[in-house]
Amino acid sequence: MNKPNISQKIPAYKRFFRCIIIFLFNTVFFPFRVKKSISFLNHIYEFDPLRPLHDKVKEVEIEEILPGVYRQNINLFDLESKYGSMTLQEIYTVAAIARNFNPKAIFEFGTFIGVTTLQMALNTDDDTKIYTLNLLSTGEDTKYDIGKTDEEKNLPDLQPGSRFKDSKVAGKITQLYGDSAVFDFSQFENKIDFVLVDASHEYEYVKNDTEKTFGMLKQGGTIVWHDYPNSPGVFNYLNELAGELTIYHIKDTHLAFSLNFNKEP
Ligand SMILES: C[S@@+](CC[C@H](N)C(=O)[O-])C[C@H]1O[C@@H](n2cnc3c(N)ncnc32)[C@H](O)[C@@H]1O
């Protein structure tokens, strides 16, 4: 018996609509779903299959770049069970990098309660000056979106810097307030040796804060960024910058850093 010819069984107009639906699914709906899934996976570093293809920041053990950095005497104090936003290993690493270079002037973008500020103060010379900038309140208006929901903006404020205010190194630290996109950095131009970029992790802010860093840093200065692998804004910006600047990602941490800043383009 002859098989029925499909074109004889389904009317032409139905086949036409079926083709349109398949076409739309393949060109619009399916790529949209794939794109959404990839951007979701971007938030979960370990599971992003495309990440190694666009990661230009070299992952290193910090001892490869700074031999002996973990063999110094590091003082950590008043961590309790809450470290702020960094892990214990990250705080230790930032303190160790600070101790390694013993900067005379440090600038931190994003104080939060000041846990890391305190550790940097404890691991530098008595005459080192530390400037740390934070929004006065979470709900403050900012030039760009800082990536907080309205609910997060309405949470009660944590006092910026409360962790170091009564410490024995409080005199080394100056708390500054404001939005880093509009803050006047002119007094710090060419005066800073070490910068920690850890305020908003939105792309516009990481770019803004890093560009402001370039104006403040002295020749040979050091930059450390937090939340590199886990924040798409930090990841994307640093990967763009990695064409111009050597940037390393410290293995098993969310920290990235660049050394020997060169003032000349
Ligand atoms: C991730 S926390 C900083 C953590 C801190 N560096 C530490 O190691 O504990 C980010 C801080 O940046 C502040 N911040 C966010 N956007 C800012 C902006 N545009 N200008 C200044 N500070 C900002 C927030 O209020 C928050 O306290």
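Read the numbers this way: they start at 1 and go in the same order the structure lists the ligands and their atoms.
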- Item | Residue among L76, N123, T87 satisfying side chain to side chain contact (heavy atoms under 4.5 Å, CB included) with Y92 |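 For Y92, the side chain to side chain contact (heavy atoms under 4.5 Å, CB included) test succeeds with only one of L76, N123, T87, which is L76.
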- Should the ring pair F107 and F109 be called parallel, tilted or perpendicular, given that the plane angle runs from 0 to 90° and is split at 30 and 60?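 F107 and F109: tilted rings.
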- Query: Under a 4.0 Å N-O cut-off, is there an ion pair linking K104 with D125?
  - Reply: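 D125 and K104: salt-bridged.
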Where's the contact between [X] and ligand 1, heavy-atom distance under 4.0 Å: side chain, backbone, both or neither?
X: I113; value: neither
X: Y205; value: side chain
X: H226; value: neither
X: D179; value: both

- Answer with yes or no whether the side chains of D252 and Q89 bring together a donor and an acceptor at under 3.5 Å. no
- S258 and W225: side-chain donor and acceptor closer than 3.5 Å? no
- Message: Please say yes or no: joined through hydrophobic side-chain contacts below 4.5 Å, possibly via intermediate residues, are F214 and V182 part of one cluster?
- Response: no
Of the listed options ([options]), which comes nearest to [atom] when hydrogens are ignored and any heavy atom counts?
atom: atom 21 (C) of ligand 1; options: G178, S85, S137, G110; result: G178
atom: atom 20 (N) of ligand 1; options: S180, G147, P160, A199; result: S180
atom: atom 23 (C) of ligand 1; options: T116, L135, L118; result: L135

- Query: Got more than 12 heavy atoms from elsewhere within 6.0 Å of OH, Y70?
  - Reply: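 Buried by this count: over 12 neighbours within 6.0 Å.
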- Message: Heavy-atom count check: over 12 atoms from other residues, nucleotides or ligands less than 6.0 Å from D141 CG?
- Response: no
Can you sort out which atoms of ligand 1 are near [X], meaning under 4.0 Å from one of its heavy atoms?
X: F112; value: 2 (S), 3 (C), 4 (C), 5 (C), 27 (O)
X: E108; value: 5 (C), 6 (N)
X: T111; value: 5 (C)
X: I146; value: 16 (N), 19 (N)
X: M86; value: 8 (O)

- Query: In chain order, what residues pass the side-chain contact (heavy atoms from CB on, under 4.5 Å) check against A181, with sequence neighbours excluded?
  - Reply: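 A181: side-chain contact (heavy atoms from CB on, under 4.5 Å) contacts with K143, Y144, D179, Y205, N208.
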- Query: Could an N or O of ligand 1 be found under 3.5 Å from any N or O of D198, whether backbone or side chain?
  - Reply: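 Min N/O separation from ligand 1 is below 3.5 Å for D198.
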- Do ligand 1 and N134 have nitrogen or oxygen atoms that lie under 3.5 Å from each other?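 The answer is yes, given that N134 and ligand 1 share an N or O pair closer than 3.5 Å.
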